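The next block holds one structure in the form of structure tokens; read it before the comments.
Residue numbers begin at 1 in each chain, while the letters A, B, ... track the order of the sequences. These figures come from a predicted structure and were not determined experimentally.
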Amino acid sequence: MNTDLHALSAANALDALDADERTEFEAHLSGCESCGHEIEEFTFVAEGLAVAASATPPAHLRDAVMSQIGAVEQEPPPDAPPAEAPQAEAPVIDLAARRRRKNSIAALLSAAAAVALLAIGAIVISGTRGGSGFDDVVAAPDAEVVELIGESGTVEVVWSPERDQVALRGSGLAVLDPTLRYALWAIADGTPIPAGLFETDDGTIRDIADLDIDVAEAWGITIEPATGSDAPTTEIIYFAEV
Amino acid sequence: MTSAFLAGPLPMTIDLPDVASLTRPIRATMRRMSTRTVGAETAAAGDSAIERAGRGDQAAFAEFYDDVSPVVYGTTLKVLRNQAMAEEVTQDVFLELWKQAPKYDRSKGSPRAWAATVAHRRAVDRVRSEESTRARDEADARQGAVDHDVVIAEVTSNEDRHAVLAALQQLTDAQREAVSLAYFGGHTYREVAVLLDVPEGTIKTRIRDGLSRLRDLMGAPS
């Protein structure tokens, strides 16, 4: 043990070491328990000296300080808690991760659908609610339009909160196996909410669904069974944040 | 030699307890100092103002300010001996305390002790980087570290302060001088040795002995 360094613990508590000595001393500190104990005691004494010098500050200083702290960002606490834990019941869409990922639409299609993908099939317009209902949603005064990004084609979501309806418009989409559907999800607080099932025979979609929600932070599309799912069971293939 | 420290702000008429009864009241008071959290009525289980401030609570920080600002301001004022500078450094210190508040750890010391540490370090760094340092050092050497005339708006009068001043009176003149020059003069121990024309080793010993004695008198946590 270096006696010299030890003798400095008192001076250190008074900030009476020059820069080099302070560095040396602090390096020594980490390995020395008796020093640590002494530091505690001497710091306590230094606090006493500071208290002895107490003087009431001018009143304007308080205002100056309080008006400035708003602009100063606080350091994170030493053990910052992990990001909000996912809910056990419902899957959480990690928007941040989502932005980083690229999804391959091909990976998500069943083998049968992969065949259909290449088919230029007869154009059979299924009995969807396209038509005037769709135009009404799109024309609604509070309609919010969001274009979703995916690997193939274009997809647009038009949501009218007032009408409690959402319209989906798409073209160039893959035709799915008949047992599957495109499922639209409205995402709020990381939780996906079912917003309709859609199908296409020719790669286009022009359809609407009922949707009663207050807020949508993002929209996503997955491929689900034709009977629908309560939560996404496959990877999101089209997505956009509002 | 009169007490250099006490010659300044402390009125000579103050009634200090006699030596025999000194030890006990000082220990009791200082023990309260050591465990006291800001806002003394805060129970040990409750969060101190600074801990709440560490979660972004600005009103709690205002409480913390009210509790420790006299210590912060008084220390910077004593070290810097310049009111404008002291006000500036005090503001800087509190912005730093706000910034670091989430990292405050009560096991490392009371909120006031933490504030005092940051304040003193900042004041010392500032004084050592100032042009006027040399003139200050020369003045110190000439006057034997008597406090300069500093306009102190209002010296806070409280039990803790009196307890510490009483403890300081118990040191030898040499110890008190070395401690005062170091802590309140903002000098390194080497500089103190030069100022007093005394070997460095002697100053180190005086500082160490002085702090040890204060520790014993103040009832430092063991």
Derivation of the side-chain contact (heavy atoms from CB on, under 4.5 Å) call for A:Gln74 and B:Gln100: CA-CA 6 Å; A:Gln74 293 186 304; B:Gln100 303 292 341; over 6 Å; no
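- B:Ser212 touches chain A through backbone and side chain together, each having a heavy atom under 4.5 Å away.
- Separation of atoms CG (A:Leu49) and CG (B:Leu165) is listed at 9.5 Å; rounding is to 0.5 Å.
- Tested against A:Asp15 for a side-chain contact (heavy atoms from CB on, under 4.5 Å), the candidates B:His120, B:Arg122, B:His187 yield a single pass: B:His120.
- Once rounded to the nearest 0.5 Å, the distance linking CD1 of B:Ile207 with OG of A:Ser9 reads 11.0 Å.
- Looking at heavy atoms from C-beta onward, A:Pro77 lies out of side-chain contact with B:Arg55 at the 4.5 angstrom threshold.
- In this structure, A:Phe42 and B:Arg208 have side chains that are in contact, with non-hydrogen atoms separated by less than 4.5 Å.
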Working for side-chain contact (heavy atoms from CB on, under 4.5 Å), residues B:Leu211 and A:Leu14: CA-CA 9 Å; B:Leu211 286 202; A:Leu14 302 186; 3.9 Å; yes
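- Using a 4.5 Å heavy-atom threshold, the side chains of B:Thr90 and A:Leu61 count as touching.
- Here salt bridge (charged side-chain N to carboxylate O under 4.0 Å, His left out) pairs that include residues 50-75 of chain A, with residues two or more places apart or in two chains, are A:Arg62-B:Asp66, A:Glu75-B:Lys103.
- One distance of note links OG of A:Ser67 with CD of B:Gln58; it measures 10.0 Å at 0.5 Å rounding.
- Among A:Glu41, A:Glu47, A:Glu38, A:Glu40, the one residue that satisfies the salt bridge (charged side-chain N to carboxylate O under 4.0 Å, His left out) test with B:Arg215 is A:Glu41.
- Atom CG of residue A:Leu8 and atom NZ of residue B:Lys204 lie 5.0 Å apart, to the nearest 0.5 angstrom.
- B:Tyr65 is listed as a side-chain neighbour of A:Pro57, based on a closest heavy-atom distance under 4.5 Å.
- In this structure, the portions of B:Val179 lying under 4.5 Å from any heavy atom of chain A include both its backbone and its side chain.
- With a 4.5 Å cut-off on non-hydrogen atoms, B:Ala53 touches chain A through its backbone but not through its side chain.
- Here B:Tyr189 pairs with nothing under the ring pair (Phe, Tyr, Trp, His ring centres under 6.0 Å) rule; sequence neighbours left out.
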Step-by-step side-chain contact (heavy atoms from CB on, under 4.5 Å) determination, B:Phe61 to A:Met66: CA-CA 8 Å; B:Phe61 191 75; A:Met66 292 311 297; 4.1 Å; yes
